[in-house]
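First up is the structure itself, then whatever we jot down about it.
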Amino acid sequence: QVQLVESGGGSVQTGGSLRLSCAVSGYTHSYKCIGWFRQSPGKAREGVATIYSGIYNTVIGGIVYADSVNGRFTISQDKNTVYLQMNSLKPEDTAMYYCALSGIGSSYSCPLTSGYYNYWGQGTQVTVSS
């Protein structure tokens with residue numbers, strides 16, 4: 001059974017930082033895209049960042065960032081955990097953040113579209129106050 005468990009959300013002020021974690025287990029294929037998505041009330045879920053993870057759970061490419069977070073957020077992986085380091089946070093970053101896994105993608109690119117992802121975590125809330 002594939003499981004993704006997020007943690008690390010919280011409340012910070014504008015300009016602050018948070019690091020989200022996503023523990024991944026149960027996926028038996030060696031290659032996959034793992035992405036971070038977010039959703040605010042009344043808005044569609046949007047892709048934030050992705051990686052393409054290969055054998056031994058190492059990042060082998062597929063790093064994509066949404067324009068809105070490029071230069072502020074960094075996605076990385078250490079063994080079975082995928083991280084999202086978020087710096088210079090803004091109130092518009094306030095959302096529920098989800099990690100997700102897809103078997104579709106390549107070392108060149110992973111999709112930032114939620115419809116390509118089959119497995120999802122329960123989410124972790126990030127609130128940025130001004």
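If you read the sequence from its start, that first residue is 1, and numbering goes on from there.
Looking only at distances, a side-chain donor or acceptor of Thr50 sits under 3.5 Å from a matching main-chain atom of Gly62. Although no hydrogens or angles enter the test, the distance criterion places a donor-acceptor pair under 3.5 Å between the side chain of Ser40 and the main chain of Thr94. With hydrogens and angles ignored, the 3.5 Å screen pairs no side-chain donor or acceptor of Tyr119 with any backbone N or O of Gln1.
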Give every donor-acceptor pair under 3.5 Å between a side-chain atom in residues 26-38 and any protein atom, sequence neighbours left out.
residue, atom, partner, partner atom, Å
Lys32, NZ, Asn57, OD1, 2.8
Arg38, NE, Glu46, OE2, 2.7
Arg38, NH1, Asp93, OD1, 2.9
Arg38, NH1, Tyr97, OH, 2.9
Arg38, NH2, Glu46, OE2, 3.2
Arg38, NH2, Ser68, OG, 3.4

Without placing hydrogens or testing angles, list every side-chain donor-acceptor pair under 3.5 Å for residues 110-117, not counting sequence neighbours.
residue, atom, partner, partner atom, Å
Tyr117, OH, Pro111, O, 2.6

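Here the closest heavy-atom approach between residue Val64 and residue Ser109 is recorded as CG2-OG, 3.9 Å. The minimum heavy-atom distance linking Tyr98 with Gly121 is given by the pair CD2-O, 3.6 Å. Annotation for Ser53 and Gln77: closest pair OG-OE1, 3.0 Å, computed over non-hydrogen atoms. When all heavy atoms are compared, the tightest approach of Gln122 to Val5 is OE1-CA, 3.8 Å. For Gln85 against Ser17, the heavy-atom pair with the smallest separation is NE2-CB, 4.0 Å. Nearest approach of Ser21 to Thr81, heavy atoms of both residues: CB-CG2, 4.0 Å.
Annotation: side chain of Asn118 is not in contact with side chain of Leu101 (no heavy-atom distance under 4.5 Å). With a 4.5 Å cut-off on side-chain heavy atoms, Phe73 and Leu89 count as touching. Side-chain contact check for Thr124 versus Ser7: every heavy-atom pair is 4.5 Å or farther apart. Contact of the Thr74 side chain with the Tyr83 side chain is not registered, since no non-hydrogen atoms from C-beta on lie closer than 4.5 Å.
More than 12 heavy atoms of other residues, nucleotides or ligands lie within 6.0 Å of CD in Gln125, so this atom counts as buried by the packing criterion.
Under a hydrophobic-cluster definition in which Ile, Leu, Val, Met, Phe, Trp and Tyr are linked whenever side-chain heavy atoms come within less than 4.5 Å, directly or via other members, Trp120 and Leu4 are assigned to different clusters. Cluster annotation: Val82 is connected to Val59 through the hydrophobic network of ILVMFWY side chains, with a link wherever side-chain heavy atoms come within less than 4.5 Å. Residues Tyr65 and Ile51 share a hydrophobic cluster, clusters being chains of Ile/Leu/Val/Met/Phe/Trp/Tyr side chains in contact below 4.5 Å. Note on Tyr52: it does not cluster hydrophobically with Tyr108, by side-chain heavy-atom contacts below 4.5 Å among ILVMFWY residues.
Residue pairs meeting the disulfide bond (SG atoms under 2.5 Å apart) criterion with at least one member in residues 48-105, sequence neighbours excluded, are Cys22-Cys99.
Between atom CE of residue Met96 and atom OG1 of residue Thr127 there is a gap of 9.0 Å, rounded to the nearest 0.5 Å.
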